[in-house]
Amino acid sequence: MAKLTFKTDNCKGCGLCVNACPKGVLSLAADKINKKGHHPVEAVAPEKCIGCAFCATMCPDCIIKVEK
Amino acid sequence: MVIFDKPHALADVPLHYCPGCTHGIIHRLVAEVIDELGIEGKTVGIAPVGCSVMAYNYFNCDMIEAAHGRAPAVATGVKRALPENIVFTYQGDGDLASIGMAETVHSAARNENITVIFINNAIYGMTGGQMAPTSLPGQITQTSPYGRDVNHCGYPIKICEMLSTLDGPEYVARVAVNNVKNVRAAKKAIKKAFENQVNGLGFSLVEVISSCPTNWGLTPEKALEWVESKMIPYYPLGVYKDRHADSNE
């Protein structure tokens, strides 16, 4: 299982990472708001992460760090 | 083991771009290439006027802000004065394909040994979504509310096709950043454009088909679909000119 770390306060909630993830690991947190006022991304199924880094590749704000 | 992290050449600050704007992806690709080639200490970037006007805040290498459209002229001066340094420009379509067309064409014709990253999102982003030289026929913008009428406004300018007819440029390619596969291909092209300069081969331009969710009036996801369904058919991806294509294989 890979480990995802988010710079949550830099997230703009665009959702490009959510669409890029082939395993449905990510979701925008409907019940949270970050410092910028966006619903930030969170890993709702971190155990499914395969470390492909598709999310980080598509993130325009470079907030995702992927480790394995 | 770290699989993916922010490149060192990209400053650790929040970007001012709208949610889902692919400028951030392209900034990161440029920074990754600077890291991989180990040239951060001797790279000089030239920022444009447009949405990416504050690109000087986002790269850790030296940056210069040029007047609107004049980035290739400034880059020419820097490169000729400091030929050992690596000089790149980062320009949008309103900057490069409109007011800066003369500088672009002539620096390509002179085969200046610089790298140009050209972001084409078919609209003027910073000023609120006016029609750009690259806006598609029929595209609705602030200044073409009924769609771009080619009988009145003319046709979009295809920069890669146009520059590839010149004898000057070394490398001209068009890529997109609408999905993971294209982002990886875009990075390869950007890396080649920088390597060409390191190897002294001459003018390299990479046109990156980008999105503008805010001014297109689409969600970030729909904007990338629009890139796939509308932009790429009009602006086909590929390498338009590569004078040393055979020797690189």
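Every chain is numbered from 1 and lettered A, B, ... according to where its sequence line falls, protein lines coming before strand lines.
With a threshold of 4.5 angstrom between heavy atoms, B/Ile26 does not approach chain A through any atom at all. Only the side chain of B/Val183 has a heavy atom closer than 4.5 Å to any heavy atom of chain A. Residue A/Ile64 touches chain B through its backbone alone, counting heavy-atom pairs closer than 4.5 Å. For A/Lys3, no part sits under 4.5 Å from any heavy atom of chain B, backbone or side chain. Within the 4.5 angstrom heavy-atom criterion, only side-chain atoms of B/Asp12, from C-beta onward, approach chain A.
The side chain to side chain contact (heavy atoms under 4.5 Å, CB included) test with A/Leu16 singles out one residue from B/Pro19, B/Pro220, B/Pro213, and that residue is B/Pro220.
Scanning residues 44-54 of chain A against chain B with a 4.5 Å heavy-atom cutoff picks out A/Gly51, A/Cys52, A/Ala53, A/Phe54, ordered by number.
Considering only heavy atoms from C-beta on, B/Pro14 comes within 4.5 Å of A/Lys36 through its side chain. Side chains of B/Pro7 and A/Cys62 form a contact here, defined as non-hydrogen atoms less than 4.5 Å apart. Side-chain contact check for A/Lys12 versus B/Leu15: some heavy-atom pair is nearer than 4.5 Å. Using a 4.5 Å cut-off on side-chain heavy atoms (C-beta onward), A/Pro60 and B/Thr22 make no contact. Proximity of A/Met58 to B/Leu224: side-chain heavy atoms (C-beta onward) are separated by under 4.5 Å at one or more points. At least one side-chain heavy atom of A/Thr57 sits less than 4.5 Å from a side-chain heavy atom of B/Arg184.
For the set A/Asn10, A/Thr5, A/Asp9, the entry with the most heavy-atom pairs within less than 4.5 Å of chain B is A/Asn10. Of the listed residues A/Ala2, A/Gly15, A/Ala20, A/Ala56, the one with more heavy-atom pairs under 4.5 angstrom with chain B than any other is A/Ala56.
One distance of note links SG of A/Cys59 with CZ of B/Phe4; it measures 8.0 Å at 0.5 Å rounding. For the atom pair NE2 (B/His16) and CG (A/Asp61), the distance works out to 11.0 Å, reported to the nearest 0.5 Å. Summarising the geometry, atom CG belonging to A/Asn19 is positioned 12.0 Å from atom CG belonging to B/Asn179; distances are rounded to the nearest 0.5 Å. A distance of 10.0 Å separates CD of A/Glu67 from CE of B/Met1, quoted to the nearest 0.5 Å.
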